[in-house]
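Structure record follows, encoded as structure tokens.
So that the names make sense, note that chain A is the first sequence line, chain B the second, and so on, each numbered from 1.
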Amino acid sequence: MAFEPLPKTRETQKMTQDLSGSADLHAFRSHTCGALRLEDVGANVRLSGWVHRVRDHGGVLFVDLRDHYGVTQIVCDPDSPAFADMELVKSEWVIRIDGVVKARSEDSRNDTLPTGAIEIFVREMEVLGAAKELPLPIFGEPDYPEETRLKYRFLDLRRETIHNNIMKRAQIISSMRQRMIDAGFFEFQTPILTASSPEGARDFLVPSRMHPGKFYALPQAPQQFKQLIMMAGFDRYFQIAPCFRDEDARADRSPGEFYQLDIEMSFVTQEDVFQAVEPVLRDLFVEFADGASVTESFPRIPYKEAMEKYGSDKPDLRNPIVMENVTDHFAGSGFKIFAGMIEKDPEVRVWAIPAPTGGSRAFCDRMNSWAQGEGQPGLGYIFFKDGAGSGPVAKNIGEERTKAIAEQLGLGDGDAVFFVAGVPKNFLEFAGSARVRVGDELGLSETDGFKFCWIVDFPMFEWNEDEKRVDFSHNPFSMPQGGLEALETQDPLTINAYQYDIVCNGVELSSGAIRNHKPEIMEKAFDIAGYDRQVLEDKFGGMLRALQYGAPPHGGIAPGVDRIVMLLCGEPNIREVTMFPMNQQAEDLLMSAPSDVSPSQLRELHIRLNLPKE
RNA sequence: GGGGGUGUAGCUCAGUUGGUUAGAGCGCUGGCCUGUCACGCCAGAGGCCGCGGGUUCGAGUCCCGUCACUCCCGCCA
């Protein structure tokens, strides 16, 4: 096994000194299990580690000894005083061995191991920690049920892939931190016990002993604190910040907690934030992408354009398909379904999803039945062969319009195009998934590399259909474009915010904004979203007060650390890059959290349980 | 809260149209083996077929319910 080699620390260097004569040897090891090479032949060494694998040939016995740094073969035969003891060791026992480094014969070298040119002939062995029969094997790391892996996480973490993932995570975080420091940012801690906030996700609550009936909340993000840090004049803040949200899990979302590279800067425009953050992320990805391509300069795509071209505010740009408006080609055409819709409602649009190389009836039919499976009436299409368009749509709109569509989209023989029609906000999501589907089915997407973009100009407000009112669509502390004047004169639903996301390969990596640092604009914004002054005072009093005593213009962003590590490790599941994750039911199977607490603990907190009936 | 998938040995999985004693590989235990590195060979132990109910002469297999895990929707400013 070869865990990613680490730069030698002072400690490991000391350990790799050749210490001849066992009287001088360190109690546990003179070298790590990844250290010894051909030039060490003849040295008396002491190694400690886990028994990775035993190969017992009766007369000769091999043990692969493993630690964090690597694997070294230990060999033993009846000439060794340790032979009887060595015959008893089992997988995952922790042992210490003393012995001499020997060169392996030419034909018995193992080139797959860095230590493969040598082996240790063991003279003495001590069992430091025996192991019971294993609930999951380390060697070979076969697939195991997640429940078992989480319950025995300490064993699971010995396995090569996840061990390397966790090491990569540590290196990524270290690099991130250094890059931020080098860019002139300062790392500050913010409270873990804070106040519940009415906006956003469900809070984790912590009862207060000293204030019966009152609760702290764990921060969903240090949002208000980082703004207060700016108001306190510290200018440039960052933190690898733990964030807590009591929401249900997904494959890419831990239940409960996750980390953000939280960033905030004073006296900045949106452009300044981009200039500060883009190089950090880009260079971080270049450093850890193992040679895969990384977007050099992140394109900026307005929210509205992203929705129109990709049907998503987190487009995967590895997929080259760009949707286009083809309404004019259908207005008044012979394809009565679409033509009729367009005539009835001026908001109706027809969008084309080009499908280069998809020009066969079989493929188009397959897409059509997929669409029906998604609850759609179907998916209109044209496919092109022999210099003309085929299929029912082409027949109905006629040769001229078919040709115009092909020209607009740059399609020719062997290609196809699909159509969705209706009021865009109703079909956007479906159109976006059809775009992804076409790209996947036709293998059009690049498979490696990291394609970044900024999504900018998010709307400040959105219509809450359930409650029939205007709501914040994103962060309520964002600065509306146009400032107070826009809030006072424009339809709220047309106002954009200085609000932006970074998207990579279809994953929303971070979200940020230029903040609203003017109390009167903030009051107006909350007023539009239906929060009166009193709510603002009650819930954001500290913040509001701070804004009234000289607040600098400021803004920031918060890239998600776990998702960055997932992308760089190529893992589809966040639990593969988290040391001690909870399961989907938000339980920690190793520590047994959440757990019951004693009646006296509850009494102290003035809490009486009122449990749901079975 | 809702939908999909899965559930057979410690693990990965096979198990025909409902039919005798539920199999394989890995792991484990014992034995043999002096150059392996996925060592090899021989033998053995190990099963409430997730759980409960039903249909049937007969259920791992069909039906209903339920539980667990997982993926998705809701949720995630």
Which listed nucleotide ([options]) is nearest to the side chain of [X]?
X: A:A251; options: B:C76, B:C11, B:C72; answer: B:C72
X: A:F62; options: B:U36, B:C71, B:C11; answer: B:U36
X: A:F139; options: B:G35, B:C39, B:C75; answer: B:C39

Using a heavy-atom cut-off of 4.0 Å across all strands, would you classify [X] as base, sugar-phosphate, or nothing?
X: A:E119; value: base
X: A:P137; value: nothing
X: A:D79; value: nothing
X: A:D56; value: base
X: A:E133; value: sugar-phosphate
X: A:E146; value: sugar-phosphate
X: A:K132; value: nothing
X: A:D248; value: base
X: A:R109; value: base
X: A:Q223; value: base

*Taking salt bridge (Lys or Arg N to Asp or Glu O under 4.0 Å) as the test, write out the residues that go with A:E537, two or more places apart.*
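For A:E537, the residues satisfying salt bridge (Lys or Arg N to Asp or Glu O under 4.0 Å) (neighbours in sequence not counted) are A:R533.
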*asked:* Is it the case that the side chain of A:R318 and the backbone of A:S445 share a donor-acceptor pair, with hydrogens and angles ignored and the cut-off at 3.5 Å?
replied: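 No; judged by distance alone, with no hydrogens or angles, the pair does not exist.
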*Does any N or O in the side chain of A:D262 come within less than 3.5 Å of the main-chain N or O of A:Q239, such that one atom is a donor and the other an acceptor?*
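Checking the backbone N and O of A:Q239 against the side chain of A:D262, no donor-acceptor pair under 3.5 Å is found.
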Between [N] and [M], how far is it from one [atom1] atom to the other, in whole Å?
N: B:U36; M: B:C49; atom1: C1'; answer: 39 Å
N: B:G2; M: B:C75; atom1: P; answer: 16 Å
N: B:A9; M: B:G31; atom1: C1'; answer: 23 Å
N: B:G40; M: B:G4; atom1: P; answer: 45 Å
N: B:A22; M: B:U16; atom1: C1'; answer: 14 Å
N: B:U20; M: B:G7; atom1: C1'; answer: 27 Å
N: B:G15; M: B:U8; atom1: C1'; answer: 9 Å

Output yes when at least one side-chain N/O atom of [X] is less than 4.0 Å from OP1 or OP2 of [N], else no.
X: A:Q585; N: B:C69; result: yes
X: A:N583; N: B:C69; result: yes
X: A:R250; N: B:C75; result: no
X: A:R202; N: B:G74; result: no

*Please walk me through it: do A:T161 and A:E141 pass side-chain hydrogen bond (donor to acceptor under 3.5 Å, both in side chains)?*
CA-CA 8 Å; A:T161 305; A:E141 47 178 336; 2.8 Å; yes
Rounded to whole angstroms, how far apart are [atom1] on [X] and [atom2] on [N]?
X: A:D313; N: B:C76; atom1: CG; atom2: C1'; answer: 13 Å
X: A:L61; N: B:C39; atom1: CG; atom2: P; answer: 13 Å
X: A:F472; N: B:C76; atom1: CZ; atom2: P; answer: 15 Å
X: A:E587; N: B:U70; atom1: CD; atom2: C1'; answer: 13 Å
X: A:K102; N: B:G35; atom1: NZ; atom2: P; answer: 15 Å
X: A:E160; N: B:A38; atom1: CD; atom2: C1'; answer: 14 Å
X: A:Y144; N: B:G7; atom1: OH; atom2: C1'; answer: 16 Å
X: A:R159; N: B:C11; atom1: CZ; atom2: C1'; answer: 10 Å

*Stacking between A:H57 and the base of B:C39 (centre distance under 5.5 Å, interplanar angle under 30°)?*
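Yes, aromatic ring over the base.
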*Could you go through the side-chain hydrogen bond (donor to acceptor under 3.5 Å, both in side chains) check for A:Q220 and A:D203 one step at a time?*
CA-CA 7 Å; A:Q220 295 184 24; A:D203 283 319; 2.6 Å; yes
*Go through the N and O atoms of the side chain of A:R104 and the base of B:C37, and report whether any donor-acceptor pair is under 3.5 Å.*
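Indeed there is one.
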_Residue mapping more 5' on RNA chain B - nearest nucleotide basis, A:S197 or A:K90_ =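 Taking each residue's closest nucleotide, the earlier one in sequence belongs to A:K90.
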*Please tell me which of A:L589 and A:R253 maps to the more 5' nucleotide of RNA chain B, matching each residue to the nucleotide holding its nearest heavy atom.*
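Closer to the 5' end of RNA chain B: A:L589.
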*Using the ring of A:F121 (Phe, Tyr or Trp, six-membered ring only), decide whether A:K102 places NZ or CZ under 6.0 Å from its centre and within 45 degrees of its axis.*
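Satisfied, under 6.0 Å and within 45°.
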_Candidates A:Q481, A:Q270, A:Q499 - the one meeting side chain to side chain donor-acceptor pair (under 3.5 Å) with A:D457_ =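 Answer after filtering A:Q481, A:Q270, A:Q499: A:Q481.
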*For A:E429, look at atom CD and say whether over 12 heavy atoms of other residues, nucleotides or ligands are found less than 6.0 Å away.*
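No, because the 6.0 Å sphere around CD of A:E429 holds 12 heavy atoms or fewer from other groups.
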*Can a salt bridge be assigned to the pair A:R149 and A:D156 using a cut-off of 4.0 Å between side-chain N and carboxylate O?*
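Yes, A:R149 and A:D156 are salt-bridged.
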_Applying a 3.5 angstrom cut-off to the pairing atoms, does RNA chain B sit in any stems of at least three consecutive Watson-Crick or G-U pairs? List them by first number._
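Only these stems qualify: B:1-7 with B:67-73, B:10-13 with B:23-26, B:28-32 with B:40-44, B:50-54 with B:62-66.
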*Among A:F477, A:F526, A:F458, find the one that has a ring-ring contact (aromatic ring centres under 6.0 Å, His included) with A:F472.*
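Passing option: A:F526.
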